[in-house]
Amino acid sequence: MSSSPASAHKIHVSVTQFEYNKSNQRVEIALRVFSDDLENALSKHAGRAIKLIPSDPAKNRELGDLVVSYLTNSFELKNKTGKVVRLNWDGMEGQTDVHWIYLEARAPSGLEGFQLRNRIFFDLFDDQVNIVNTRHGSKQLGVMFEAKDGFKPIL
């Protein structure tokens, strides 16, 4: 759901968690974004008004396709050879103010050498900041993305 102007937030930040699952050789990705920012970005990307309705499971696949389409250009993951890694939709959970987007990607050799470019909502806000936290076994790294940033190592 979209926030009303009276409750609109003044901080523009997203938080992403990367976690490597060794047993299935996949990276599990959880993005936490403000609901109104996601609605605005998806509406701009689709060229029509998009409303997030958490209780409408019939639209989950359509919404998932739209989210992945938006992320294709704003959230790019590359493996250690520089090849773009395909992100697969794994669902979404929403509350009034915040949405969690779940993705996964194949990473047979782990996350060593992986790089990310996180430009989520930079098309909406000049002061947008995207924080990415990665956990791979005993290794952990936090990375911050601002509009001027390109690809950065995530581990």
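All residue numbers in this chain count up from 1 along the given sequence.
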Exercise for review: Give, for atom CG of Asn118 and atom CD of Glu76, the distance between the pair rounded to the nearest 0.5 Å.
Suggested key: 10.5 Å
Check your understanding: Roughly how far, to the nearest 0.5 Å, is the CD atom of Gln128 from the CG atom of Leu124?
Key -> 8.0 Å
Taking only distance into account, with no hydrogens and no angle test, what donor-acceptor pairs under 3.5 Å do side-chain atoms of residues 105-112 form with protein atoms, sequence neighbours excluded?
from: Glu112; atom 1: OE2; to: Lys139; atom 2: NZ; distance (Å): 2.7

Review point. Between Leu155 and Phe114, does a side-chain contact (heavy atoms from CB on, under 4.5 Å) hold up when you go through it step by step?
Key: CA-CA 7 Å; Leu155 190 62; Phe114 272 57; over 6 Å; no
Point to revise | Phe18 to Val27 - nearest heavy-atom pair and separation | key: CD2-CG2, 3.4 Å
Review point. Between Asp123 and Tyr70, do the side chains contain an N or O donor and an N or O acceptor separated by less than 3.5 Å?
Key: yes
Review point. Nearest 0.5 Å, what's the CZ-CG distance between Phe121 and Asn40?
Key: 8.5 Å
Exercise for review: Locate the shortest heavy-atom distance separating Trp89 from Leu103; write the atom from each residue and the value.
Suggested key: CA-CD2, 4.0 Å
Check your understanding: Is a donor on one side and an acceptor on the other found under 3.5 Å between the side chain of Lys152 and the backbone of Met144?
Key -> yes
Revision key, fill the gap. For Leu66 and His45, the nearest pair of non-hydrogen atoms, with its separation, is CD1-CD2, 3.8 Å
Check your understanding: Are side-chain heavy atoms of Asn133 and Leu141 found at a separation under 4.5 Å?
Key -> no
Point to revise | Neighbour count above 12 (heavy atom, 6.0 Å) for Arg26 CZ | key: yes
Check your understanding: So Leu77 and Ile154, side-chain contact (heavy atoms from CB on, under 4.5 Å) or not? Walk me through it.
Key -> CA-CA 9 Å; Leu77 185 63; Ile154 60 167; 4.1 Å; yes
**Study point:** Side-chain donor or acceptor of Ser74 paired with backbone N/O of Arg119 under 3.5 Å
**Key:** no
**Study point:** Pair Ile120-Leu31, side-chain contact (heavy atoms from CB on, under 4.5 Å): steps then yes or no
**Key:** CA-CA 10 Å; Ile120 294 173; Leu31 290 88; 3.1 Å; yes
Point to revise | Pairs flagged by ring-ring contact (aromatic ring centres under 6.0 Å, His included) wherever residues 131-155 is involved - sequence neighbours left out | key: Tyr20-His136
Exercise for review: Locate the shortest heavy-atom distance separating Ile29 from Thr16; write the atom from each residue and the value.
Suggested key: CG2-CG2, 3.7 Å
Check your understanding: Between Asn79 and Lys83, is there a donor-acceptor pair closer than 3.5 Å when you use the side chain of the first and the backbone of the second?
Key -> yes
Practice item. Measure across Val68 and Leu87 and return the closest heavy-atom pair with its distance rounded to 0.1 Å. Key: CG1-O, 4.1 Å
Check your understanding: Can you find a pair of side-chain heavy atoms, one from Arg32 and one from His99, that are under 4.5 Å apart?
Key -> no
Check your understanding: Between Asp127 and Val129, is there a donor-acceptor pair closer than 3.5 Å when you use the side chain of the first and the backbone of the second?
Key -> no
Review point. Within the distance-only criterion (no hydrogens, no angle test), does the side chain of Ser35 pair as donor or acceptor with the backbone N or O of Val98 below 3.5 angstrom?
Key: yes
Exercise for review: Mark yes or no for whether Ser69, through its side chain, and Asp65, through its backbone, hold a donor-acceptor pair below 3.5 Å.
Suggested key: no
Point to revise | Ser14 side chain to Asn130 backbone, donor-acceptor under 3.5 Å | key: no
Exercise for review: Look up atom CG in Asn21 and atom CD in Glu28, then write down how far apart they are to the nearest 0.5 Å.
Suggested key: 4.5 Å
Exercise for review: Nearest 0.5 Å please: distance from the NE2 atom of His12 over to the CG atom of Asp37.
Suggested key: 5.5 Å
**Study point:** Residue pair Glu93 / Tyr102: nearest heavy atoms and the distance that separates them
**Key:** OE1-OH, 2.5 Å
Check your understanding: Using a distance-only test with no angle check, is there a side-chain donor-acceptor pair under 3.5 angstrom linking Asn88 and Glu104?
Key -> no
Exercise for review: With side-chain contact (heavy atoms from CB on, under 4.5 Å) as the test, would you mind laying out the steps for Leu63 and Leu52 before giving the verdict?
Suggested key: CA-CA 9 Å; Leu63 183 58; Leu52 301 175; 3.8 Å; yes
